[in-house]
Protein chains: 2
Amino acid sequence: MAATSIKEVARHAGVSLGTVSNVLNRPNTVSPATRQRVLDAIAALGYVRNDSARQLRAGQSRTIAIVVLDVANPFFTDVVRGAEQVVEEAGAMLVVCNSGEDGARERRHLDLLEEQRVRGVLITPVGHGRHPGLERLHERGIPVVLVDRGSGRASRCSVAVDDVLGGRLAVEHLLDRGHRRIAYLGGPLTIPQVADRHAGAAAALAERHPDTPLRVATTNTLTVAAGRRAAEDLLALPARQQPSAVFCANDLIALGVLQQLTERGVRVPDDMAIVGYDDIEFAGAAAVPLSSVRQPRELLGRTAAQLLLEESTAGAEHRHRHVVFQPELVVRRSSDHRRP
Amino acid sequence: MAATSIKEVARHAGVSLGTVSNVLNRPNTVSPATRQRVLDAIAALGYVRNDSARQLRAGQSRTIAIVVLDVANPFFTDVVRGAEQVVEEAGAMLVVCNSGEDGARERRHLDLLEEQRVRGVLITPVGHGRHPGLERLHERGIPVVLVDRGSGRASRCSVAVDDVLGGRLAVEHLLDRGHRRIAYLGGPLTIPQVADRHAGAAAALAERHPDTPLRVATTNTLTVAAGRRAAEDLLALPARQQPSAVFCANDLIALGVLQQLTERGVRVPDDMAIVGYDDIEFAGAAAVPLSSVRQPRELLGRTAAQLLLEESTAGAEHRHRHVVFQPELVVRRSSDHRRP
DNA sequence: CCGGGCGGCTGAAACGTTTTACGGGCGATA
DNA sequence: TATCGCCCGTAAAACGTTTCAGCCGCCCGG
């Protein structure tokens with residue numbers, strides 16, 4: 001029962017090993033009568049293919065992995081859903097791994113995935129994305145597609161959104177609304193998305209007000225809780241140094257800031273404007289609907305998966321591509337207030 | 001390179017196959033000198049274990065799967081995080097599968113997982129949880145733990161929260177606040193959680209007002225979009241039939257309702273009170289902070305994973321357990337208003 | 001009537017591990 | 001010094017597939 005193998009099926013149907021395998025993999029090379037006999041045997045014995053053996057023979061699995069920074073972040077869940085669609089259509093299986101912004105955990109996951117000889121990996125790496133784990137996958141011939149990360153390297157595909165532009169859009173909007181003391185909240189800056197959004201924001205501010213620096217408050221993670229703490233730090237500043245607007249590295253931070261400010265009686269956007277990033281589903285439903293930079297999340301996931309499948313099938317003649325999408329600013333109430 | 005096997009390592013180190021395997025699995029049975037030689041060879045060749053072969057030999061994998069109804073629902077992402085902790089501590093790997101409330105997809109996933117001979121499955125099944133897929137896993141000796149679902153069956157473990165009590169808490173609270181025309185929003189009722197919460201709500205109402213029925217509006221899914229549509233339907237009712245309070249099967253529905261009502265100028269809680277379910281992180285950050293029935297989400301995941309690991313190691317002498325947690329009502333502004 | 005081709009099936013090899021039975025030294029003990 | 005264990009290490013079998021070379025019988029054309 002537990003050990004129903006192709007061999008038992010063969011015996012039960014009175015045929016050879018190879019024939020059963022043919023029924024499974026190339027049904028039309030087997031005569032209808034035999035085929036039926038084998039299928040009956042399979043049903044009678046409750047036989048289920050053993051994927052390990054298949055993989056061992058084939059040298060690779062039908063599994064594709066996606067490694068994200070935070071499974072609980074709605075941005076990534078949407079990316080996952082996009083990827084899922086494409087992967088399942090291709091008859092493969094998507095496994096979701098969570099690095100939790102922790103390099104060591106990411107590393108462990110990649111090691112495990114390499115041991116499993118996965119067919120490919122979609123990843124938003126924790127750091128710069130050059131660590132040996134990724135390189136090794138590449139050397140082994142396992143395709144890797146960077147998600148939400150541009151890549152200078154020609155050696156792999158990537159799918160990204162122009163984060164520098166996103167940062168710029170956010171800050172230009174705030175400047176248009178009359179703000180000048182603007183703070184950027186998020187971190188750690190080792191996360192490239194965080195750094196790029198910062199770069200765009202700083203550039204936009206520098207162009208219009210070369211002498212006004214962009215205040216930066218870094219957080220350890222991109223979560224609601226971190227946002228609350230950051231807001232608290234902001235409120236501790238002397239009044240003169242307090243910004244009139246904050247641009248947050250993602251919506252979770254922004255929602256945390258919003259909650260904390262509201263709790264402390266600071267009015268949004270009158271006393272302080274907020275712009276977030278990602279435009280997750282909950283941004284529009286917030287206490288004060290949140291302005292945010294929208295990214296095409298599902299499209300990001302779908303495209304990444306497509307590139308991966310293409311590379312995995314095309315093999316040597318595959319040409320690496322770098323797809324970059326444009327973000328889009330969605331203005332809602334949290335920043336829709338002209339500064340007097 | 002791509003095909004570095006244990007055999008090549010052995011040749012390179014000048015030892016036999018078995019010795020390399022011993023170094024990997026029982027390092028202390030091999031002399032330090034030889035061990036070092038083997039380790040050097042491994043490093044030099046960049047050898048990585050082939051998990052397929054391992055599994056094939058072992059007969060089962062080190063992978064544990066969790067099948068959830070919706071990866072994008074914060075309730076499940078928290079359950080996943082809880083399970084993840086436990087599973088990783090045990091040196092196994094957690095793969096997340098998304099059924100999307102779709103029975104066929106759930107079925108496909110279970111088939112694939114069975115082919116992979118996973119070590120166990122945590123699942124919140126789409127329907128009643130008695131379909132042949134789950135039975136088959138059980139017959140094959142693969143442990144299954146039901147998550148967020150009580151189980152009448154003694155044949156497997158389960159971890160759940162008392163949803164009937166949760167429904168009751170919500171409605172009793174609304175009754176205390178002077179409401180009487182109460183509606184229950186959510187669906188489909190084939191999802192046991194949805195049905196149980198409804199049962200508790202209906203019972204609570206019946207006890208206090210035997211002649212007042214609980215109005216029910218069912219949705220197709222438990223998403224924000226479905227909530228918006230449900231609210232729209234509600235508003236289309238003649239004024240006399242409109243409820244003064246709605247209890248929603250989960251927070252996503254509740255947030256959708258809230259958004260739509262706000263958009264249509266209905267004041268919450270003055271014109272209509274709302275109570276959600278799950279108390280997801282975003283509930284407190286909503287336009288009107290949402291009252292909600294809180295469930296111990298991470299604990300649910302952790303406990304489920306623990307039961308699974310226990311069953312998987314204990315084997316025959318394992319006794320199935322059914323853990324039930326108590327929900328807790330969190331009152332926030334969306335229902336904090338005494339009806340005149 | 002013979003040779004060739006072909007459809008349908010068989011049998012064995014191979015994938016990379018782990019495990020187990022076994023062998024060859026070597027030190028300790030009598 | 002001979003014998004017994006003991007420690008290291010070896011070789012081979014087994015796990016369940018897939019694939020490939022080959023075999024058999026049949027039909028068809030010559």
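Any value given below was found using the heavy atoms of this structure, including those in side chains, with hydrogens, waters and symmetry copies removed. Reminder, nothing fancy here: chain letters follow the sequence lines and each chain counts from 1.
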For DNA chain D, the residues among residues 54-61 of chain B that have a non-hydrogen atom under 4.0 Å from it: B:L56, B:R57
Members of residues 20-38 of chain A that approach DNA chain D, where some heavy atom sits under 4.0 Å away: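 Here the set is A:S21, A:N25, A:R26.
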Could you list all N or O pairs between the protein and nucleotides 25-27 of chain D that sit under 3.5 Å apart?
none

Grab the [atom1]-[atom2] distance between [X] and [N] for me, whole Å please.
X	N	atom1	atom2	result
B:K7	C:dT18	NZ	C1'	14 Å
A:I6	D:dT19	CD1	P	11 Å
A:L45	D:dG16	CG	P	14 Å
A:E115	C:dC15	CD	P	20 Å
A:N50	C:dC15	CG	P	18 Å

Could you tell me which residues satisfy salt bridge (charged side-chain N to carboxylate O under 4.0 Å, His left out) with [X], sequence neighbours excluded, listed by chain and number?
X	answer
B:D70	A:R81
A:R11	none
A:R49	none
B:R119	none

Flag for B:E298-B:Q85: side-chain donor and acceptor within less than 3.5 Å: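 Yes, a side-chain donor-acceptor pair sits under 3.5 Å.
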Exercise: do B:Q193 and B:D148 side chains pair donor with acceptor under 3.5 Å: yes
Where the side chain of [X] is defined as all heavy atoms beyond and including C-beta, which of [options] is the nearest nucleotide?
X	options	result
A:L17	D:dG9, D:dT17, C:dT10	D:dT17
A:S16	C:dG16, C:dT10, D:dG16	C:dT10
B:Y47	D:dT18, D:dT10, C:dT17	C:dT17

Net bend of the helix from C:dC1-D:dG30 to C:dA30-D:dT1, end axes of five pairs each, nearest 10 degrees: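 Here the local axes at opposite ends form an angle of 50°.
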Spatial distance of atom CD1 (B:I64) from atom CG (B:L113) [nearest 0.5 Å]: 11.5 Å
Contact summary for A:H318 and A:C157, nearest pair of heavy atoms: NE2-SG, 3.3 Å
Side chain to side chain contact (heavy atoms under 4.5 Å, CB included) partners for A:S21, two or more places apart: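 Expected list: A:I6, A:N25.
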Side-chain N,O (A:T19) to OP1/OP2 (C:dC9) below 4.0 Å: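 Result: no.
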Side-chain N,O (A:R117) to OP1/OP2 (C:dC15) below 4.0 Å: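 Checking A:R117 against C:dC15: no side-chain N or O falls below 4.0 Å of OP1 or OP2.
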Results of ring-ring contact (aromatic ring centres under 6.0 Å, His included) for B:H138 - residues two or more places apart only: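 Partners of B:H138 under the ring-ring contact (aromatic ring centres under 6.0 Å, His included) test: none.
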Partners passing side-chain hydrogen bond (donor to acceptor under 3.5 Å, both in side chains) against A:E84 (at least two apart in sequence or in another chain): B:N98, B:R105
Sub-6.0 Å ring centroid separation between B:H322 and B:H320: no
List, one per line, each side-chain donor-acceptor pair under 3.5 Å for residues 34-43 of chain A, sequence neighbours excluded.
{"residue": "A:T34", "atom": "OG1", "partner": "A:S31", "partner atom": "OG", "Å": "2.8"}
{"residue": "A:R35", "atom": "NE", "partner": "A:P27", "partner atom": "O", "Å": "3.3"}
{"residue": "A:R35", "atom": "NH2", "partner": "A:V30", "partner atom": "O", "Å": "3.2"}
{"residue": "A:Q36", "atom": "NE2", "partner": "A:D40", "partner atom": "OD1", "Å": "3.0"}
{"residue": "A:R37", "atom": "NH1", "partner": "A:A13", "partner atom": "O", "Å": "2.7"}

Steps toward side chain to side chain contact (heavy atoms under 4.5 Å, CB included) verdict (A:F76, A:I66): CA-CA 10 Å; A:F76 286 112; A:I66 180 166; over 6 Å; no
First of B:A53 and B:G14 reached from the 5' end of DNA chain D, by closest nucleotide: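 The residue mapped nearer the 5' terminus is B:G14.
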